[in-house]
Number of protein chains: 2
Amino acid sequence: MTDIRQRLARNVARLRKEAGWSQEAFADHAGIHRTYISDIERGARNPTIEVVDRIAKALRVKPGALLD
Amino acid sequence: MTDIRQRLARNVARLRKEAGWSQEAFADHAGIHRTYISDIERGARNPTIEVVDRIAKALRVKPGALLD
DNA sequence: TTGTGACTACGAGTCCGTC
DNA sequence: GGACGGACTCGTAGTCACA
């Protein structure tokens, strides 16, 4: 149910850290608000695929890689 | 921008047909409204990841496979 | 540097139809 | 069977102040 959110949360947090970004620096880079990234990394939001796509582009991965 | 919608649209339509479902039968099976499936297959909507997850489960594929 | 509650505007998601 | 429209509810997008 919400486990898709948790998978997204873990993948974003992991890949962001691997790339050496803080949440704030990454948020700027992705063109998304800082607190929104925070919410996503906690699984507190149910974002749309367009938001996932923007995050994926900022992380240079395929959008599907964030959900699996 | 909307190409993520088009990728989802094509993948859902293709996999649904391969499974031999009509839009309506598939919508019932996935627990989503029939008009919403129609909209998604036309790239007219920007669904949330929870909807993508429900569609993926109904198609027995990974959610990521619908976005790539 | 990140978490969290609260807020408004707008779009996700549902349901009624018709073609 | 599927595209498309109108109308509706409620949740998401996006932001802020503060912890």
Side-chain angles (χ1 to χ4, degrees):
Chain A
M1 203 116 65
T2 62
D3 59 297
I4 185 81
R5 294 194 194 182
Q6 297 305 328
R7 282 201 299 269
L8 177 69
R10 281 192 295 267
N11 286 326
V12 172
R14 178 175 47 79
L15 291 167
R16 172 182 63 79
K17 288 173 192 164
E18 282 176 13
W21 304 91
S22 69
Q23 281 186 355
E24 185 158 20
F26 174 68
D28 284 348
H29 183 246
I32 297 174
H33 199 89
R34 194 207 103 228
T35 59
Y36 199 59
I37 296 292
S38 171
D39 285 351
I40 285 175
E41 288 194 5
R42 286 180 297 118
R45 297 260 189 163
N46 177 29
T48 63
I49 59 172
E50 291 189 355
V51 169
V52 172
D53 194 45
R54 278 154 64 188
I55 294 174
K57 284 190 171 104
L59 289 169
R60 300 175 198 233
V61 296
K62 290 184 179 178
L66 298 177
L67 297 186
D68 290 334
Chain B
M1 201 114 66
T2 62
D3 59 295
I4 185 82
R5 295 193 193 184
Q6 298 303 329
R7 283 202 299 270
L8 178 68
R10 282 192 294 268
N11 286 327
V12 172
R14 178 175 47 81
L15 292 166
R16 173 183 62 78
K17 287 173 191 163
E18 283 176 12
W21 268 308
S22 69
Q23 281 186 355
E24 186 159 18
F26 175 67
D28 284 349
H29 182 247
I32 297 173
H33 201 86
R34 76 182 158 79
T35 60
Y36 201 53
I37 295 291
S38 171
D39 286 350
I40 286 175
E41 289 193 4
R42 286 181 295 121
R45 295 274 189 156
N46 177 29
T48 62
I49 59 172
E50 290 188 354
V51 167
V52 171
D53 194 45
R54 278 153 69 187
I55 293 174
K57 284 190 171 105
L59 290 170
R60 300 177 198 227
V61 297
K62 289 185 181 177
L66 298 177
L67 297 186
D68 290 335

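Below, chain A is the first sequence line, B the second, and so on; all start at residue 1.
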Parallel, tilted or perpendicular: ring planes of His29(A) versus Trp21(A), cut at 30 and 60 degrees: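 The arrangement is parallel - the two ring planes meet at less than 30°.
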Give a yes/no answer on whether the side chain of [X] brings an N or O atom under 4.0 Å of OP1 or OP2 in [N].
{"X": "Arg45(B)", "N": "dC4(D)", "result": "no"}
{"X": "Ser38(B)", "N": "dG2(D)", "result": "no"}
{"X": "His33(B)", "N": "dG13(C)", "result": "no"}
{"X": "Thr35(B)", "N": "dT14(C)", "result": "no"}
{"X": "Arg16(A)", "N": "dT2(C)", "result": "yes"}
{"X": "Asn46(B)", "N": "dG11(C)", "result": "no"}

In this structure, how many angstroms lie between the [atom2] atom of [N] and the [atom1] atom of [X], rounded?
{"X": "Glu24(A)", "N": "dC16(D)", "atom1": "CD", "atom2": "P", "result": "13 Å"}
{"X": "Trp21(B)", "N": "dG1(D)", "atom1": "CH2", "atom2": "P", "result": "15 Å"}
{"X": "Tyr36(B)", "N": "dT14(C)", "atom1": "OH", "atom2": "P", "result": "7 Å"}
{"X": "Ile37(B)", "N": "dG13(C)", "atom1": "CD1", "atom2": "C1'", "result": "11 Å"}
{"X": "Lys17(B)", "N": "dG1(D)", "atom1": "NZ", "atom2": "C1'", "result": "11 Å"}
{"X": "Ile40(A)", "N": "dT4(C)", "atom1": "CD1", "atom2": "C1'", "result": "15 Å"}
{"X": "Asp39(B)", "N": "dA3(D)", "atom1": "CG", "atom2": "P", "result": "9 Å"}
{"X": "Arg5(A)", "N": "dG11(D)", "atom1": "CZ", "atom2": "P", "result": "11 Å"}

Pick base, sugar-phosphate or nothing for [X], based on heavy-atom distances below 4.0 Å to the nucleic acid.
{"X": "Thr48(A)", "result": "sugar-phosphate"}
{"X": "Ser22(A)", "result": "sugar-phosphate"}
{"X": "Ile32(B)", "result": "sugar-phosphate"}

Of Pro47(A) and Arg42(B), the one whose closest DNA chain D nucleotide lies more 5':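 Comparing both residues, the 5'-ward one is Arg42(B).
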NZ/NE/NH1/NH2 to OD/OE distance under 4.0 Å, Arg14(A) and Glu18(A): yes
From Arg5(A), Arg34(A), Arg45(A), residue fulfilling salt bridge (charged side-chain N to carboxylate O under 4.0 Å, His left out) relative to Asp39(A): Arg45(A)
Value rounded to 0.5 Å, distance of CD1 in Ile40(A) from CG in Leu66(A):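 Those atoms lie 10.0 Å apart.
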CD1 on Ile49(A) to OG1 on Thr2(B), rounded to 0.5 Å: 10.0 Å
Base dG17(C) paired with Arg34(B) side chain (donor-acceptor, <3.5 Å): yes
Complement of dG6(D), any strand, by Watson-Crick or G-U distances under 3.5 angstrom: dC15(C)
